[in-house]
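Every chain is numbered from 1, with letters handed out A, B, ... down the list of sequences.
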4 protein chains.
Amino acid sequence: MNKKQNLIDAAIRLFADQGFEGTSTIQLSRAAGVTEPLIYYHFEGKDDLLRHVLKLIFNRYFKRLDEVDVLSGKEFQKIKRLISFHLDMVQKSPREISLISNGCPLKFSDPENICKKSLEKQREYLTEILSGCLKKGIAAGEFKDVPVEWTVELILALIVGLIRQRNLYAENIPAMRDAAVEFCRRSLLIDG
Amino acid sequence: MNKKQNLIDAAIRLFADQGFEGTSTIQLSRAAGVTEPLIYYHFEGKDDLLRHVLKLIFNRYFKRLDEVDVLSGKEFQKIKRLISFHLDMVQKSPREISLISNGCPLKFSDPENICKKSLEKQREYLTEILSGCLKKGIAAGEFKDVPVEWTVELILALIVGLIRQRNLYAENIPAMRDAAVEFCRRSLLIDG
Amino acid sequence: MNKKQNLIDAAIRLFADQGFEGTSTIQLSRAAGVTEPLIYYHFEGKDDLLRHVLKLIFNRYFKRLDEVDVLSGKEFQKIKRLISFHLDMVQKSPREISLISNGCPLKFSDPENICKKSLEKQREYLTEILSGCLKKGIAAGEFKDVPVEWTVELILALIVGLIRQRNLYAENIPAMRDAAVEFCRRSLLIDG
Amino acid sequence: MNKKQNLIDAAIRLFADQGFEGTSTIQLSRAAGVTEPLIYYHFEGKDDLLRHVLKLIFNRYFKRLDEVDVLSGKEFQKIKRLISFHLDMVQKSPREISLISNGCPLKFSDPENICKKSLEKQREYLTEILSGCLKKGIAAGEFKDVPVEWTVELILALIVGLIRQRNLYAENIPAMRDAAVEFCRRSLLIDG
DNA sequence: GATGAATGAGTGTTCATTCAT
DNA sequence: TATGAATGAACACTCATTCAT
């Protein structure tokens, strides 16, 4: 069970750093300290290993996302927590996020792609929460009267963009997080 | 010269859709309607073809970026033009932008990577312009007193995120552009 | 003991249908409902399993061949019984015969090949009986004065050919058997 | 073109001697004096090479079979020529015949199998000729009144069996041919 | 300019087999 | 008896690249 875990760890690392196609099975096995055929004992092949790894990462992501408090406090508090959560994750597990946001899309045209399904699930989940926040916030006089649908898209784009920038340039996360929160606060809150 | 162009076009398409490692020289030659060795007549190899293609795309990008009016009008007008410009580009040439924003970063650790250099050049260029706009706008009382450095990062992240979302989900660009501009306007302008 | 038998049964089936080289140990184990290493518990390896299976089949064949009555009756009756016996066998256990007549000869150059030894034993056995029949029949005026050695070869070839045809085209065995017997009767008997 | 031919020759030899599954691509390439990838330049793969080789052999066989005189002379002369033709072929090109009669049937369950198609074509062709000969011979009072259909099957089985025996035991072909012809003559001809 | 033929190095994968339990 | 985990060697096949023409 140890060696299987080594393989998974190596896969996350190498797939994230070099891409799926750019990583060979022999590289994987060496990085995991095992022999090549063991990949085929534990998984059906290189594709299956990727699938397994992505499933794992998405499960982890969704589990943690579920734990984010999106019920209590003011509406903007909830949005702030969502933004912070994503920037925290990219700081703690940059490779996992990198795999999700860079590694997948290449094979995106394939409709069976788990990444596609998971990214859509993520999109739906976040869209629903953010829509709710915005609507309630507008109704309660907390937010300005912004167009909900497009503003949601925009916040999503902002989150995605921040993750990406951080992955490429390894910037000061807390500062960026605060700047992002303030940026949104000013744009959304009536007394921002 | 025709066949060389075919090769370049095929390379842009295939590298963008399948990634560099995911595209073989035989795929390239077939997609271009030529034979494999011709790649080696016109370029030094597959790597060189990528380099050539990226240089081409970045040149095109920088040339167009240079044509964006960042001198006349109010400061926010300039920022608005920059955002619009990028969303227009992704709509007109999604593959080129996709290559720049997805295809490259995989081999990013390599310091010789042309993509890295070009992306940094782009970053510097945009950062400079945006910094100028923000500083001048703040001084002129057009903008709120926001932290310049991080707000620049944020706008960049927003642009990157919007490009990415559009590439994955092919959304309504004009609407997103307007929403993005309004979002920033509210966040930045004193009387937003 | 049950699982060992399952392995043997699976081996007969798979080796006959796909050939020895065309059958993998994992296919064997799955078809037998056991795990791969069990093959190595009960046999020394894949080769040994083949050897075991062939020995088994040849033993069965020789045992039944021994029970064919080649003593009583006229000489042609004996020959008829031999022909009938082989066509009956191929009808009852086509896979076993198929293994003997198709699966083995491929590695025939190897002198250690059990198949080779067994086929030679079979050849000698049948040759001896048929030679005896022909000689006695000729001496007794039952048969025409045919060249014994070559006629024996011919009858053997006929048997082999009939088995093969039946294995490929699954023809009406009783009819073929009768036709074969009559064909030989006309060719051999003085008052055929 | 020379190296391609070497590959084909090597394939005929090795597939016939060791079977298709028993022959590796590296063996093939070494036996042909070329490098492994050349197989994939000239053919689509190992399967395709087998297909090519079988097509070639069957074409050669059918071409020569077409040249056998089955029109002139008495009916038995025609049958004699067919039997002789096959024994001549097995003497001249034993490996080609071996490939046809041993190598193929293993993959026989596959309906796309060229071998299956070709063997059926061969069967039909020979069946038609032999049926004609027998019918005409019986009508003309040349042959005894034998059951045509089954006697045809029998002669086919005899030919197949002779080929097989010769391939395994490398016997004196001319003697066997004469014995076979005489055997059939006695069985078929009224004044045999 | 352009290609058919060819290759060394490497790909993902399967093989028969072993070993600790 | 029986298996889960693991492996060295080999497998069919593809890679980017070269070269003579």
Side-chain angles (χ1 to χ4, degrees), chain A residues 1-4 6-7 20-29 32-50, chain B residues 1-4 6-7 20-29 32-50, chain C residues 1-4 6-7 20-29 32-50, chain D residues 1-4 6-7 20-29 32-50:
Chain A
M1 208 49 90
N2 188 20
K3 294 197 176 181
K4 185 176 181 180
N6 288 350
L7 270 173
F20 177 73
E21 342 267 352
T23 304
S24 70
T25 48
I26 206 160
Q27 268 184 310
L28 279 167
S29 61
V34 302
T35 53
E36 236 185 329
L38 198 66
I39 297 172
Y40 299 87
Y41 178 72
H42 287 299
F43 308 94
E44 276 167 39
K46 200 183 151 191
D47 275 30
D48 188 47
L49 175 52
L50 173 65
Chain B
M1 203 52 86
N2 187 19
K3 293 196 174 181
K4 184 176 183 182
N6 287 350
L7 269 171
F20 177 72
E21 338 267 352
T23 304
S24 69
T25 47
I26 205 165
Q27 270 184 309
L28 280 167
S29 62
V34 302
T35 51
E36 252 183 315
L38 198 65
I39 298 173
Y40 297 87
Y41 179 77
H42 287 300
F43 308 94
E44 276 170 39
K46 199 183 152 192
D47 277 25
D48 186 49
L49 175 53
L50 173 65
Chain C
M1 204 52 86
N2 188 19
K3 293 196 175 181
K4 184 176 183 182
N6 288 350
L7 269 172
F20 176 73
E21 336 266 354
T23 304
S24 69
T25 47
I26 206 165
Q27 269 184 311
L28 280 167
S29 61
V34 302
T35 52
E36 250 183 315
L38 199 65
I39 297 173
Y40 298 85
Y41 179 78
H42 287 300
F43 308 95
E44 276 169 39
K46 200 183 152 192
D47 277 23
D48 186 49
L49 174 53
L50 174 64
Chain D
M1 209 50 90
N2 187 20
K3 295 197 175 179
K4 184 176 181 181
N6 287 352
L7 270 172
F20 176 73
E21 343 266 351
T23 304
S24 71
T25 47
I26 205 160
Q27 269 185 310
L28 279 167
S29 62
V34 300
T35 52
E36 234 185 333
L38 198 66
I39 297 173
Y40 299 88
Y41 178 73
H42 287 300
F43 307 95
E44 276 168 38
K46 201 182 150 190
D47 275 30
D48 187 48
L49 175 52
L50 173 64

The reported gap from CD in B:E21 to OG in A:S24 (rounded to nearest 0.5 angstrom) is 11.0 Å
dist D:L28:CG -> D:L38:CG (nearest 0.5 Å) comes out at 11.5 Å
Going 5' to 3' through nucleotides 15-21 of chain E and flagging B where a protein heavy-atom sits under 4.0 Å of the base, S where only the sugar-phosphate is that close, and - otherwise, we get SBBBB--
So with a 6.0 Å cut-off around CD of D:Q27, is the heavy-atom count from everything else above 12?
yes
task: State whether A:F43 and A:K4 meet the cation-pi test: NZ (Lys) or CZ (Arg) under 6.0 Å from the six-membered ring centroid, and within 45° of the perpendicular axis.
output: yes
From CG of A:L38 across to C1' of E:dT14 the rounded distance in Å is 14 Å
Taken to the nearest whole Å, CD1/A:I39 to P/F:dA5 is 16 Å
query = Are C:Y41 and F:dA2 close enough that a side-chain N or O sits under 4.0 Å from OP1 or OP2?
reply = no
When rounded to the nearest 0.5 Å, the distance separating CG of A:D48 from CD1 of A:I39 is 11.5 Å
One should read off an interatomic distance between C:N6 CG and C:H42 NE2, to the nearest 0.5 angstrom, of 9.5 Å
The dot-bracket string of DNA chain E, counting Watson-Crick and G-U wobble pairs with both distances under 3.5 Å, using [ ] for crossing pairs and | for pairs to another strand, is .||||||||||||||||||||
When rounded to whole Å, the CG to P distance for the pair B:N6 and E:dT3 reads 11 Å
Looking only at heavy atoms, the pair that brings B:F20 and B:K46 closest together is O-NZ, 3.1 Å
Exercise for review: Look at A:K3 and F:dG4 and indicate whether a side-chain polar atom (N or O) is within less than 4.0 Å of OP1 or OP2.
Suggested key: no
- prompt: According to a strict under-4.0 Å criterion, is A:H42 in side-chain N/O contact with OP1 or OP2 of F:dG4?
  reply: no
Of all heavy-atom pairs linking D:E36 and D:I26, the shortest is OE2-N, 3.6 Å
Contacts of D:S29 meeting side chain to side chain donor-acceptor pair (under 3.5 Å) (sequence neighbours excluded), chain-then-number -> none
Nearest-nucleotide check on DNA chain E, D:G33 vs B:G33; residue mapping nearer the 5' end is B:G33
Separation of E:dA2 atom C1' from B:F43 atom CZ, nearest Å, is 14 Å
